[in-house]
There are 2 protein chains.
Amino acid sequence: MSYSLTVLEVSSRTWQEKRRESARQEILAAAWEAAHEHGLGALTLRDVAARVGMRAPSLYWHFDSKMALYDAMFGQAWASYLEVQKELVARPSASPRRVLKTIARTFFEFCVRDPVRHELMNLRSIPRFTPSPEAYAPAVEVLEQLRGLLMRLGISDDAGADLFTALLAGLIDQQLANEPGGDRWARLLDRTVDMYATEMNVPQDD
Amino acid sequence: MSYSLTVLEVSSRTWQEKRRESARQEILAAAWEAAHEHGLGALTLRDVAARVGMRAPSLYWHFDSKMALYDAMFGQAWASYLEVQKELVARPSASPRRVLKTIARTFFEFCVRDPVRHELMNLRSIPRFTPSPEAYAPAVEVLEQLRGLLMRLGISDDAGADLFTALLAGLIDQQLANEPGGDRWARLLDRTVDMYATEMNVPQDD
DNA sequence: GTCTATACACCGATAGAC
DNA sequence: GTCTATCGGTGTATAGAC
């Protein structure tokens, strides 16, 4: 159940550990490739192994189980979005509503751009997969960062953050479920954020 | 790929057909039971078969495949909600916002009450399962009925309906994903509908 | 017509040789 | 570290019993 998250790994001391770490990364890359090709749920260890020139049982030296592989992918995906959001939050801030719209659109497009990744990050589509605390950590940090940002805009109650995430989740879900590749719900983003901002008494732009 | 939807089946003429129909219903009931017990994705034909005193291959006389079984369950679930919504729409209408809140809460609670059913109806959690047009029909009718209702409240554009479904989907998703059994997002229902109604220029109650 | 027995290909996972 | 061999599990095709 426990294993180290490749992306967040800091101290790989010996060269053996570095070698092993790069093998993990190679396997992970192959797993993403396979998932994009055949679907997240259709991932098989034999396929992943073949892509890195191994046999399926050999993967067990690098990952405890298939779920551990999913787990590492989950952690990678959220760590990746955390980087995006960090860079976004650090930027010189615009008007409150502009900030809300930018963060909403950034997350929306991050999800819609890669439906397989979104499926792993946000849907619970793999029957018995539950992310480990280690893999879940960057997701928690994303949410904490969002809470902080909302707070600075004057939205300090939990309900305000809960509503914001629900609105985003709903738009993304509907877009991907009913019109993948389209923009029918993407077009509602700004309007939805404005509606939300008004509800939350965030001052208007002009 | 094609087969008849048990729930909507109208004319079972001969007694053989009736017998066969009741066998299908028995299998479906066993499938729901198994899904609730072990999870939707963990459903196995051997388990379902055992519950009705059969062997796994025997199910193939009643259903073309495991996916056909999922498909029939999908159709059953949506047909069931269609009945609920029909009865609700037929009732003497209250104020516009009351109507919106009632329909929102009805769908929300229908979904949250049975997460396994919701997973099948609204999430795409089964890897290669796509509902057939026959099974999807009641879902389409639910949406058409909703559009008609919104129209009568003065919300006639597609965007208005799209936004309403997205708001609902988001609240349900977050409730079930982050706090199954709780009411943290359920408590946001009325507020969200009011926010939406204001955006859509639906007159206030008082 | 209804069901069973058998079999097949594939899966995740383990044991142990090298 | 990576292999081969193998285990118990799955969905499913088919042949045939009755």
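Below, read A as the first sequence line, B as the second, and so on, with proteins coming before strands; counting in each chain starts at 1.
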Subject >> A:Glu26/A:Arg51 ion pair, N-O < 4.0 Å >> reply: no
**OP:** For the pair A:Asp194 and A:Lys101, find out whether any cationic side-chain nitrogen is under 4.0 Å from an anionic carboxylate oxygen.
**Re:** yes
**OP:** May I ask you to decide if A:Phe110's main-chain N or O and A:Arg117's side chain share a donor-acceptor pair within less than 3.5 Å?
**Re:** yes
**OP:** Give a yes or no answer on whether the side chain of A:Thr102 reaches the backbone of A:Arg98 with a donor-acceptor pair at less than 3.5 Å.
**Re:** yes
Subject >> Distance, nearest 0.5 Å, that separates CD of A:Glu199 from CD1 of A:Ile155 >> reply: 10.0 Å
**OP:** Report yes if the side chains of B:Asp183 and B:Val112 come closer than 4.5 Å at any heavy-atom pair, otherwise no.
**Re:** no
Subject >> Interatomic spacing from CG in A:Leu188 to CG in A:Leu171 - rounded to 0.5 Å >> reply: 6.5 Å
Original post:
Can you list, by residue number, the residues of residues 29-40 of chain A that have a non-hydrogen atom closer than 4.0 angstrom to DNA chain C?
Top reply: none
**OP:** Classify every nucleotide of nucleotides 4-13 of chain C by which part a protein heavy atom approaches to under 4.0 Å, writing B for the base, S for the sugar-phosphate alone and - for neither, in 5'-to-3' order.
**Re:** BBB----BBB
Original post:
Between B:Phe74 and B:Phe129, how do the two ring planes meet: parallel, tilted or perpendicular, split at 30° and 60°?
Top reply: perpendicular
**OP:** Answer yes when B:Arg184 and A:Asp158 have at least one side-chain N-carboxylate O distance shorter than 4.0 Å, and no when they do not.
**Re:** no
Original post:
First and last nucleotide of DNA chain D in contact with chain A, 5' to 3', at under 4.0 Å to a heavy atom: what are they?
Top reply: D:dG1 to D:dA5
**OP:** State whether B:Glu119 and A:Arg124 are salt-bridged, where the test is any N-O pair (Lys NZ or Arg NE/NH1/NH2 against Asp/Glu carboxylate O) under 4.0 Å.
**Re:** no
